[in-house]
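In what follows, a structure is listed as structure tokens, so that the remarks can point back to it.
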Amino acid sequence: MPRGGSDLTPGEKSGAIAFGSRLSLDRLDSGKRAAAVDGFRGLVYRAYRDFGRDLPWRHTRDPYEILVSEVMLQQTQVGRVAQKYHEFLRAFPVFRDLYEAPLSDVLTVWQGMGYTRRAVALKRIAERVIRDCDGRLPRSPEHLQTFPGIGTATAGAICAYAYNLPTLFIETNIRRVFIHTFFGEHETVSDRQILPLVEETLDHTQPRIWYYALTDYGAALGRRLENPNRKSAGYHRQGPFEGSKRQIRSTIVRALLARGALTLGEIELLCSGTTFGADTILRELQRDGLVQPVGDQWCVAFTPGSSGTV
DNA sequence: ATCCAGTACA
DNA sequence: TGTACTGGAT
């Protein structure tokens with residue numbers, strides 16, 4: 001494990017590439033290019049030694065526990081996930097617990113994390129793993145990506161962290177490292193441009209540790225730079241929360257969890273003052289597997305697979 | 001008031 | 001290829 005360091009100054013040992021260095025692999029012959037890749041790896045590992053993070057989900061290699069952490073880390077910062085992670089695993093220690101739990105229990109524990117849809121996805125993953133996969137999470141990124149809520153980044157991360165496989169993936173900290181280091185002059189950078197560098201620099205001898213190091217270096221860069229990911233082709237700012245659809249969605253789900261069930265009239269009341277009709281929002285929440293109608297009331301879906309059918 | 005994050009589906 | 005999905009920190 002790395003230890004927390006403090007000195008960020010670039011004046012390092014002779015020959016070493018300093019924290020925050022910009023590099024280019026362009027127009028290097030193959031020998032020089034290999035040496036530059038080596039230098040980059042040294043830089044990343046040195047940052048890991050100095051600024052590596054001791055994160056709760058790095059104490060396990062259990063695929064279920066890694067899955068939970070990676071889904072939580074989608075769109076949600078480390079600090080908030082760290083608070084919720086153990087609580088979630090206490091409530092649902094293994095796939096079967098998540099499989100058997102009512103969705104409302106899962107959503108209740110999930111509260112505060114945002115993007116409730118991810119909790120629905122986790123429950124659906126548990127159902128497929130129990131029913132179709134003999135209770136074991138698959139090992140290949142391609143197979144993993146057929147599960148709800150698992151895309152390229154999460155699939156790659158699970159393979160690297162749970163199985164120590166040399167998969168290629170890009171998430172925000174990794175993106176930050178490559179944009180900062182290799183695309184300093186560029187105005188915008190797409191993941192397609194970054195991926196070949198991820199491939200070329202990957203340390204096949206220890207993918208798990210390499211990705212720990214890469215993400216920690218990215219996180220350390222993020223604390224001292226204006227976010228280089230603003231150059232990412234996918235980057236965009238978020239609109240205001242007040243009065244937004246996402247605000248009313250979360251209000252409705254929270255109310256349903258607290259009260260058990262609500263009539264359409266009560267939900268319309270929650271929507272008053274927004275430009276969205278209760279009907280539209282409920283339909284979307286139902287499509288997302290979050291709610292379902294019961295008689296003349298609405299409640300949290302019994303099981304996420306059942307969207308609509310009681 | 002502004003910032004950050006990966007997936008799904010158009 | 002673009003856009004919608006949240007909530008807490010600052």
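Model, not experiment: these values are computed from the prediction. Chain naming here is simple, since letters A, B, ... match the order of the sequence lines and numbering starts at 1 in each.
Look at A:R118 and you won't find any side-chain N or O under 4.0 angstrom from OP1 or OP2 of B:dA5. Residue A:T76 has no polar side-chain atom (N or O) positioned under 4.0 Å from OP1 or OP2 of C:dG7. Distances shown here put every side-chain N or O of A:T152 at or beyond 4.0 Å from the OP1 or OP2 atom of B:dG6. Remark: A:R80 is not in phosphate contact with B:dA5, judged by side-chain N or O atoms under 4.0 Å from OP1 or OP2. Between A:S250 and C:dG7, a side-chain N or O to OP1/OP2 separation shorter than 4.0 Å is present.
Here the P atom of nucleotide B:dA5 and the CD1 atom of A:I179 are 10 Å apart, to the nearest Å. The distance from atom CG of A:L285 to atom P of C:dA4 is 17 Å, rounded to the nearest whole Å. One can place CG of A:D288 at 20 Å from P of C:dT3, the figure rounded to the nearest angstrom. Taking atom NZ on A:K84 and atom P on C:dG8, their separation rounds to 9 Å, with Å as the unit. With rounding to whole Å, A:L122 atom CG is found 13 Å from B:dT7 atom C1'. Distance A:Y115 OH to C:dA4 P: 12 Å, rounded to the nearest Å. We find that CE of A:M113 is positioned 12 Å from C1' of C:dG8, with the value rounded to whole Å. Between the CG atom of A:L107 and the P atom of C:dG7 there is a distance of 12 Å, rounded to whole Å.
Using a 4.0 Å heavy-atom distance criterion, A:F169 is classed as making no nucleic acid contact. Using a 4.0 Å heavy-atom distance criterion, A:G112 is classed as a sugar-phosphate-only contact. No contact: A:R192 has no heavy atom under 4.0 Å from any strand. Heavy atoms of A:I150 sit under 4.0 angstrom from primed sugar atoms or phosphate atoms, though from no base atom. Counting non-hydrogen atoms under 4.0 angstrom, A:Q247 reaches nothing in the nucleic acid.
A salt bridge links A:E87 with A:K84; the closest basic N to acidic carboxylate O contact falls under 4.0 Å.
Counting only heavy atoms from C-beta on, A:R117 has its side chain closest to C:dC5 among C:dC5, B:dA5, B:dC4. Nearest nucleotide to the side chain of A:A153, out of B:dT7, C:dG7, B:dA5: B:dT7. When distances are taken from the side chain of A:R254 to each of C:dG7, B:dG6, B:dC4, the shortest belongs to C:dG7. When the nucleotides C:dC5, B:dG6, C:dG8 are ranked by their closest atom to the side chain of A:K245, C:dC5 comes out on top. In the set C:dG7, B:dG6, B:dA5, B:dA5 carries the atom at the smallest distance from any side-chain atom of A:N229.
Each of A:Q77 and A:Q145 was matched to the nucleotide of DNA chain B holding its nearest heavy atom; the match closer to the 5' end belongs to A:Q77. For the pair A:R230 and A:G151, nearest-nucleotide mapping onto DNA chain B gives the more 5' position to A:R230.
Below 30°, between 30° and 60°, or above 60°: for A:F19 and A:Y217 the angle between ring planes is above 60°, a perpendicular geometry. Aromatic ring orientation, A:F178 versus A:F40: tilted (interplanar angle from 30° to 60°).
Within a 6.0 Å sphere centred on CZ of A:R61, heavy atoms belonging to other residues, nucleotides or ligands number 12 at most.
Cluster annotation: A:V44 and A:L225 are assigned to the same hydrophobic cluster (Ile/Leu/Val/Met/Phe/Trp/Tyr, side-chain heavy-atom contacts under 4.5 Å, transitive).
Side-chain N/O atoms of A:Q74 and base N/O atoms of B:dG6 include no donor-acceptor pair closer than 3.5 Å.
Taking the six-membered ring for Trp, A:F169 and A:Y211 have ring centres closer than 6.0 Å.
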